[in-house]
Peer 1: 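Take this structure, written in structure tokens, and hold onto it; I'll ask about it next.
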Amino acid sequence: MKKLGVAVVGTGFWGRNHARVYRELESTELVAICDVDAEKAKKVADQFCVKAYTSSSRMLKNEAIDAVSICTWSTSLAREALKALEAGKHVLVEKPMATNTKQAQRLLEIAKEKGLHLTVGFLMRFIPGMQHIREAVEKGSIGELVCATAKRVSQWPERIGDVGVVKDTAIHDIDVVRYIFNGDPASVYAKAGNMRHKKFEDYAQIMLTYKDGKSAFIESNWLTPYKTRTLTVTGSDAIMRLDYITQELWIEAAKENLQPKYPWQEPLKLELQHFADCITKKEKPIVTGTDGLKALRIAEAALRSSVRNKAIKLS
Ligand SMILES: NC(=O)c1ccc[n+]([C@@H]2O[C@H](COP(=O)([O-])OP(=O)(O)OC[C@H]3O[C@@H](n4cnc5c(N)ncnc54)[C@H](O)[C@@H]3O)[C@@H](O)[C@H]2O)c1
């Protein structure tokens, strides 16, 4: 079977990983990479023996490219994704997808108009234990869902300078909450601020509430000297805890504690394999463009809530 021709735009820390994984997957062929930094582009292209471009417009003329990963700085994501969609390529755009919901909406429209796949890099959905959590909630095996708590804290990643911790980091957990709760929160209340970062917020506490009383609390910052990425989901009969880093999952109930074993797998590999499979089999991806837009809308509302010091209604 013909391999899916793929390319990566933006080959910094994360784009290099996309390029590596596309080289490792059997169903994809890395055709080219593009970075505005010519030296970086050449280095990565040489590493993977593909053609280097510094202009995505020129690269997108290459007909061997069916799909593109957009891994640029957050503020260039929407522009580059739009170019790729306009050139007729399927797109995986990294989170936060766009700088604002207007840009994200435009991406959805053009993808629909052209019949192309548009998905967003919400990697947490591909952590092996996540499916277990989602199914347990759906089947009611932890009783009735009550609340969830997510913690994503670490030191400031120096390379990120164009968005704050809400759109860069907490957006993962906003998406996870939407995914597990299988719906959108009715309101958001947040407190965010900046202690070390000059321009953007580097800490945020976000509370999402649902119409039926369920709630989720997201703690996110770039101020903690160690890295923690965890999710706790509380049901009326049991609690599930997932460590995103070790991928360990615990289920604690009154009578017994379980630790379902899932072999560690690279989430990015699962994500990109899924992206390629969905294109080839013409199937809807687990993460849609609408998921990206909705998460971004909640992130924007969280920032507004913090400024106004009041809860913002979402629906
Ligand atoms: N899903 C995840 O878990 C995850 C993890 C890390 C990063 N990311 C996302 O990936 C993106 C990149 O992050 P990073 O850490 O690799 O940043 P980075 O600064 O290391 O790399 C960004 C690269 O994009 C290049 N670039 C910028 N604008 C460009 C353009 N218009 N065309 C071509 N190249 C361009 C820069 O020269 C740089 O090499 C960000 O949007 C980030 O949010 C997602």
Side-chain angles (χ1 to χ4, degrees), residues 74-75 77-78 93 95-109 111-112 118-122 124-125 130 133-134 137-138 140 142-153 163-194 197 199-222 231-236 286-315:
S74 296
T75 41
L77 290 171
V93 57
K95 54 83 196 164
M97 184 184 193
T99 347
N100 57 55
T101 47
K102 203 171 155 209
Q103 293 173 340
Q105 184 67 53
R106 179 74 193 116
L107 297 183
L108 258 70
E109 283 161 11
K112 191 173 173 205
L118 171 65
T119 187
V120 183
F122 287 138
M124 300 307 116
R125 294 207 196 187
M130 185 57 77
I133 295 182
R134 160 98 193 209
V137 169
E138 205 170 50
I142 57 161
E144 201 181 323
L145 177 62
V146 179
C147 62
T149 308
K151 189 170 175 132
R152 193 170 295 272
V153 300
V163 284
V165 78
V166 173
K167 285 185 183 171
D168 181 86
T169 307
I171 199 159
H172 274 303
D173 301 301
I174 292 172
D175 176 66
V176 163
V177 171
R178 287 192 63 251
Y179 184 54
I180 292 172
F181 286 40
N182 198 21
D184 287 297
S187 83
V188 55
Y189 177 71
K191 276 321 280 174
N194 54 327
H197 204 297
K199 208 166 159 197
F200 296 102
E201 80 285 352
D202 50 24
Y203 66 88
Q205 322 278 83
I206 305 171
M207 179 91 177
L208 302 174
T209 50
Y210 281 72
K211 280 209 174 89
D212 57 3
K214 293 192 298 263
S215 63
F217 179 72
I218 297 168
E219 179 186 0
S220 213
N221 75 48
W222 289 330
L231 172 72
T232 305
V233 178
T234 303
S236 51
I286 287 180
V287 183
T288 62
T290 305
D291 290 322
L293 171 67
K294 288 188 168 180
L296 192 56
R297 191 173 284 150
I298 296 168
E300 285 189 340
L303 290 169
R304 260 198 326 276
S305 161
S306 178
V307 171
R308 295 184 192 169
N309 193 24
K310 64 175 199 179
I312 304 275
K313 277 202 175 132
L314 294 163
S315 51

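Numbers here simply count residues along the sequence, with the first being 1.
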Peer 1: Which heavy-atom pair separates L77 from P96 by the least distance, and what is that distance?
Peer 2: CD1-CD, 3.6 Å
Peer 1: If you measure from CG on L118 to CG on L108, what distance do you get to the nearest 0.5 Å?
Peer 2: 6.0 Å
Peer 1: Can you name the salt bridge (Lys or Arg N to Asp or Glu O under 4.0 Å) partners of R125, sequence neighbours left out?
Peer 2: D175, D291
Peer 1: Residues in side-chain contact (heavy atoms from CB on, under 4.5 Å) with I180, at least two apart?
Peer 2: M130, I133, V137, V176, L231, V233
Peer 1: Within a 6.0 Å radius of atom CD on E144, are there more than 12 heavy atoms belonging to other residues, nucleotides or ligands?
Peer 2: no
Peer 1: Mind checking what makes side-chain contact (heavy atoms from CB on, under 4.5 Å) contact with Q205, not counting sequence neighbours?
Peer 2: F217, E219
Peer 1: I need the minimum non-hydrogen distance between V287 and F122, along with the two atoms involved.
Peer 2: CG1-CD1, 3.6 Å
Peer 1: How long is the straight-line distance from CG of N194 back to CG of N221, given to the nearest 0.5 Å?
Peer 2: 12.5 Å
Peer 1: Is L296 close to K167 at the side-chain level, that is, under 4.5 Å between some pair of heavy atoms?
Peer 2: yes
Peer 1: Are F200 and D168 packed together at the side-chain level, in the sense that at least one heavy-atom pair is separated by less than 4.5 angstrom?
Peer 2: no
Peer 1: Mind listing the closest non-hydrogen atom pair of A104 and M97 along with its distance?
Peer 2: CB-SD, 3.8 Å
Peer 1: Any chance you could measure S215, atom OG, to Y210, atom OH, to the nearest 0.5 Å?
Peer 2: 10.0 Å
Peer 1: What closest approach, in Å, do K95 and S74 show between heavy atoms, and which atom pair accounts for it?
Peer 2: O-OG, 4.4 Å
Peer 1: Could you check whether any side-chain heavy atom of V177 comes within less than 4.5 Å of a side-chain heavy atom of K214, counting everything from C-beta outward?
Peer 2: no
Peer 1: Which pair of heavy atoms, one from H172 and one from G121, lies closest together, and at what distance?
Peer 2: CE1-O, 3.9 Å
Peer 1: Could you check whether R297 pairs with E300 (Lys NZ or Arg NE/NH1/NH2 to Asp/Glu carboxylate O, under 4.0 Å)?
Peer 2: no
Peer 1: Among L314, I312, I206, find the residue that satisfies the side-chain contact (heavy atoms from CB on, under 4.5 Å) test when tested with I298.
Peer 2: L314
Peer 1: For the backbone of H197 and the side chain of D202, can you confirm whether one donor and one acceptor N or O come within less than 3.5 Å of each other?
Peer 2: yes
Peer 1: Considering residues at least two apart in sequence or located in another chain, which fulfil the side-chain contact (heavy atoms from CB on, under 4.5 Å) criterion with S306?
Peer 2: A192
Peer 1: Can you pull the salt bridge (Lys or Arg N to Asp or Glu O under 4.0 Å) pairs that have at least one residue in residues 303-315, sequence neighbours excluded?
Peer 2: none
Peer 1: Pairs under 3.5 angstrom only: tabulate donor-acceptor contacts from the side chains of residues 181-191 to other protein residues two or more places apart or in another chain.
Peer 2:
residue, atom, partner, partner atom, Å
D184, OD1, R178, NE, 2.5
D184, OD2, K294, NZ, 3.2
S187, OG, T209, OG1, 2.7
Y189, OH, N309, OD1, 2.9

Peer 1: Closest heavy-atom contact between A170 and I218?
Peer 2: CB-CG2, 4.1 Å
Peer 1: What's the verdict on salt bridge (Lys or Arg N to Asp or Glu O under 4.0 Å) for K112 and E109, showing C-alpha distance, side-chain angles and the deciding distance?
Peer 2: CA-CA 5 Å; K112 191 173 173 205; E109 283 161 11; over 6 Å; no
Peer 1: Can you tell me how far the CG atom of L145 sits from the OG atom of S236, to the nearest 0.5 Å?
Peer 2: 9.0 Å
